[in-house]
Amino acid sequence: MTTAGDIMHRGAQWIPAHETLDRAAQLMRQLNVGALPISDENERLCGILTDRDIVVGCVAMGHDPSKITAGDLAQGTPRWIDSGADVDEVLQEMKGHQIRRLPVIEDKRLVGMISEADLAAHLSDDQMSAWVESVYARS
């Protein structure tokens with residue numbers, strides 16, 4: 001059985017909710033990623049921040065990214081998966097919520113992220129095709 005832990009990208013890092021968006025952008029550049037999980041004061045997942053969120057939700061609105069926090073842009077209920085979950089559960093979670101990045105949690109701690117690139121590297125062509133169609137298809 002292939003698990004979330006088998007296909008995830010290790011070394012994912014949180015951005016604390018109180019950190020500013022300019023700091024988040026710097027961390028994204030440093031880590032070469034386009035998304036960061038947002039943690040609350042107890043290091044629990046409270047959202048995900050993307051590079052697009054920073055541009056559209058802050059910069060394009062005329063706001064100063066040094067004054068807006070990651071927590072200010074955290075919206076909705078964050079989705080995640082346990083590291084021991086089967087890859088079919090990973091696909092179902094991503095399909096069901098039409099998400100492209102999924103934090104992986106183990107013992108209530110962030111241990112990795114699953115992205116489209118991780119799926120492409122580990123899924124069969126049929127699995128990948130079905131996932132792409134379900135996430136990108138217009139409803």
Side-chain angles (χ1 to χ4, degrees):
M1 169 178 89
T2 303
T3 67
D6 295 331
I7 67 170
M8 72 181 182
H9 177 81
R10 296 191 179 278
Q13 291 186 28
W14 300 110
I15 185 79
H18 68 271
E19 285 286 355
T20 60
L21 297 183
D22 61 339
R23 176 66 190 119
Q26 292 164 1
L27 187 56
M28 286 179 187
R29 181 186 66 218
Q30 176 188 341
L31 298 172
N32 194 31
V33 297
L36 293 170
I38 304 169
S39 70
D40 64 15
E41 63 277 355
N42 297 315
E43 291 194 353
R44 298 286 172 94
L45 183 66
C46 65
I48 294 183
L49 178 68
T50 67
D51 46 8
R52 186 177 192 282
D53 293 333
I54 295 171
V55 172
V56 174
C58 178
V59 177
M61 300 295 286
H63 301 298
D64 182 349
S66 69
K67 294 186 171 38
I68 307 293
T69 68
D72 291 335
L73 293 187
Q75 298 176 16
T77 303
R79 308 308 306 176
W80 58 274
I81 195 94
D82 184 85
S83 64
D86 184 84
V87 72
D88 290 332
E89 293 175 65
V90 170
L91 294 174
Q92 190 58 43
E93 185 70 18
M94 294 175 86
K95 286 178 191 178
H97 297 281
Q98 291 194 315
I99 54 177
R100 296 171 183 94
R101 299 171 180 101
L102 187 62
V104 181
I105 306 293
E106 186 175 291
D107 297 324
K108 300 182 182 178
R109 297 286 179 231
L110 178 71
V111 293
M113 288 281 282
I114 297 174
S115 69
E116 295 167 312
D118 298 314
L119 295 179
H122 293 92
L123 298 181
S124 70
D125 289 345
D126 289 341
Q127 286 175 307
M128 192 64 193
S129 175
W131 181 81
V132 167
E133 184 176 332
S134 69
V135 172
Y136 289 99
R138 293 185 181 219
S139 21

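Just so it is clear, the model here is predicted, and its values are computed rather than measured.
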[atom1] of [X] to [atom2] of [Y]: how many Å apart, nearest 0.5 Å?
{"X": "His122", "Y": "Thr2", "atom1": "NE2", "atom2": "OG1", "value": "8.5 Å"}
{"X": "Leu91", "Y": "Glu89", "atom1": "CG", "atom2": "CD", "value": "10.5 Å"}
{"X": "Arg101", "Y": "Met113", "atom1": "CZ", "atom2": "CE", "value": "7.0 Å"}
{"X": "His97", "Y": "Thr77", "atom1": "NE2", "atom2": "OG1", "value": "9.0 Å"}
{"X": "Thr3", "Y": "Asp82", "atom1": "OG1", "atom2": "CG", "value": "9.0 Å"}
{"X": "Leu49", "Y": "Asp72", "atom1": "CG", "atom2": "CG", "value": "10.5 Å"}

(Q) One pair to check against side chain to side chain donor-acceptor pair (under 3.5 Å): Thr50 and Asp53. What are the steps and the verdict? (A) CA-CA 5 Å; Thr50 67; Asp53 293 333; 3.1 Å; yes
Q: Sort out for me which residue in Val104, Ile105, Ile48, Ile114 forms a side chain to side chain contact (heavy atoms under 4.5 Å, CB included) with Trp80.
A: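 Of the listed residues Val104, Ile105, Ile48, Ile114, the side chain to side chain contact (heavy atoms under 4.5 Å, CB included) partner of Trp80 is Ile105.
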Q.
Can you confirm whether more than 12 heavy atoms, excluding those of Lys67, are under 6.0 Å from its NZ atom?
A.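 Counting neighbours around NZ of Lys67, 12 or fewer heavy atoms of other residues, nucleotides or ligands fall under 6.0 Å, so no.
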Q.
Within the supplied structure, the quantity of interest is the number of heavy atoms (other residues, nucleotides, ligands) at a distance under 6.0 Å from Met61 CE; does it exceed 12?
A.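 Not more than 12 within 6.0 Å, no.
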Q | Pair Asp118-Ser115, side-chain donor/acceptor within less than 3.5 Å | A |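 Present: a donor and an acceptor within the cut-off.
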Q: Classify the side-chain pair Thr20/Asp22 by whether it contains a donor and acceptor separated by less than 3.5 Å.
A: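 Asp22 and Thr20 do have a side-chain donor-acceptor pair below 3.5 Å.
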Cluster check [X], [Y]: I/L/V/M/F/W/Y, side chain < 4.5 angstrom:
{"X": "Ile7", "Y": "Leu110", "answer": "no"}
{"X": "Ile81", "Y": "Leu123", "answer": "yes"}
{"X": "Val56", "Y": "Val59", "answer": "no"}
{"X": "Trp14", "Y": "Ile99", "answer": "no"}

Which atom pair, heavy atoms only, marks the closest approach of [X] to [Y]?
{"X": "Met1", "Y": "Gly84", "result": "CE-O, 3.9 Å"}
{"X": "Arg100", "Y": "Trp131", "result": "CA-CZ2, 4.3 Å"}
{"X": "Glu93", "Y": "Leu102", "result": "CG-CD1, 4.0 Å"}

Donor-acceptor pair, side chain of [X] and main chain of [Y], under 3.5 angstrom:
{"X": "Asp107", "Y": "Arg109", "result": "no"}
{"X": "Glu19", "Y": "Pro16", "result": "no"}
{"X": "Gln127", "Y": "Ser124", "result": "yes"}

Return all side-chain donor-acceptor pairs below 3.5 angstrom for residues 25-46, not counting sequence neighbours, or 'none' if the list is empty.
| from | atom 1 | to | atom 2 | distance (Å) |
| --- | --- | --- | --- | --- |
| Asp40 | OD1 | Asn42 | N | 2.8 |
| Asp40 | OD1 | Glu43 | N | 3.2 |
| Asp40 | OD1 | Arg44 | N | 2.9 |

Q) Quick one: does Met128's side chain get under 4.5 Å of Asp125's, heavy atoms only? A)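 They are not in side-chain contact.
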